[in-house]
Amino acid sequence: MKRMLFRCTAASLALGALLAPPLVGQTTFHKYVALGDSLTAAVEGVCLVERHQNRSYPKLVADQLGISDFQQPLLSEKALSSPLTGPACLGTVVAGGTITVGAVSQTGTPRNLSLPRPYDNLGIPGANAADLVDLRVSSPTGGTASLSATVILRNFPGGPFVNQSAVDEANLLNPDLITVWAGPGDILGAELSAVAIEGVTLTPVAVFEAKYTQLMAAIRGTGRTIVALNI
């Protein structure tokens, strides 16, 4: 429990330092890229839409750093339809004096899919640490991470960044600041089921350590600052 509290505190302090008011003499960053999963992408109410993305923690960090050209894979939001044509967004529903949680809208279409360079927020919903280094070809018929990557990494067959992983795309942008929040996707199954079984509900520790090490080694660069957050 102490270790868990320490890790949570460390993550909070790291974000807090980035979001704090500018300090005299601090390093000036010019290009910032965020790597991670749904927490980085800004999934809320089990959906990803522009109003959530505009308050993602990477966007808040970029704003505080004065970086105006911070591009995200923005997704429009539209009214509910029957049948749904996109993932439903959950929210507060008030009916007959009762407050419940239900579908209030749905995910629409990409708003800046033609951006000629990789996005600065490369958070991939459903991704684990391995996906950030190994997912080089995405597919709309694949799992959650692969489906998400078709919009976020755009590395589907015939796409502009096919054969490029999240790490590859981050390095293409040559950032001087990278935040990495990898790990929640690796233990999500165990968290939701309350049963921890390596290789079934969570990534085996040895596999996670190997992929996380590979991830961190791949983004190291001269003069680059890396802020790593965990759970």
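Keep in mind that this is a model prediction, so the values were computed, not measured. Scope of the values below: all heavy atoms of this structure, side chains included, with no hydrogens, waters or symmetry mates.
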| said: Between Cys47 and Leu90, is there a side-chain heavy-atom distance shorter than 4.5 Å? | reply: no
| note | To the nearest 0.5 Å, atom CD of Gln72 lies from atom NZ of Lys59 at 7.0 Å
| request: For Asp168 and Ser165, indicate whether the former's side chain and the latter's backbone hold a donor-acceptor pair under 3.5 Å. | output: yes
| said: Check this for me: Arg111, atom CZ, are more than 12 non-hydrogen atoms of other residues, nucleotides or ligands nearer than 6.0 Å? | reply: no
| query | Nearest heavy-atom pair of Gln71 and Asn112: which atoms, and what distance? | reply | OE1-ND2, 3.5 Å
| field | More than 12 heavy atoms of other groups within 6.0 Å of Arg220 CZ | value | no
| task | Supply the atom-to-atom distance Thr107 OG1 to Leu75 CG, rounded to the nearest 0.5 angstrom. | result | 6.5 Å
| query | Within a strict 4.5 Å, meaning less than it, do heavy atoms of the Glu44 and Cys89 side chains meet? | reply | no
| task | For the residue pair Val33 and Asn171, establish whether any side-chain heavy-atom pair is separated by less than 4.5 Å. | result | no
| said: More than 12 heavy atoms of other residues, nucleotides or ligands under 6.0 Å from CD1 of Ile99: yes or no? | reply: no
| message | Side chains of Ser139 and Thr141 only: does a donor on one sit below 3.5 Å from an acceptor on the other? | response | yes
| task | Specify the closest pair of heavy atoms between Thr85 and Gln106, including all atoms of both residues, with the distance to one decimal. | result | N-OE1, 2.8 Å
| query | Are any of the side-chain nitrogens in Asp120 or Lys31 under 4.0 Å away from the carboxylate oxygens of its partner? | reply | yes
| query | Of the non-hydrogen atoms in Pro184 and Asp37, which two are nearest, and what is the gap between them? | reply | CB-OD2, 3.3 Å
| Which atom pair, heavy atoms only, marks the closest approach of Phe208 to Gly183? | CE1-CA, 3.8 Å
| request: Please report the shortest heavy-atom distance between Ser56 and Ala41, naming the atom on each side. | output: CB-O, 4.3 Å
| request: Could you state whether Leu202 and Leu132 fall into the same hydrophobic cluster, counting links through intermediate Ile, Leu, Val, Met, Phe, Trp or Tyr residues with side-chain heavy atoms under 4.5 angstrom apart? | output: no
| query | In Å and rounded to the nearest 0.5 Å, what is the CD to OG1 distance from Glu191 to Thr201? | reply | 11.0 Å
| task | Mind listing the closest non-hydrogen atom pair of Val93 and Ala103 along with its distance? | result | CG2-O, 4.3 Å
| query | How long is the gap from CG on Leu172 to CZ on Phe161, to the nearest 0.5 Å? | reply | 7.0 Å
| task | Check whether the side chains of Thr203 and Lys211 place a donor and an acceptor atom closer than 3.5 Å, and report yes or no. | result | no
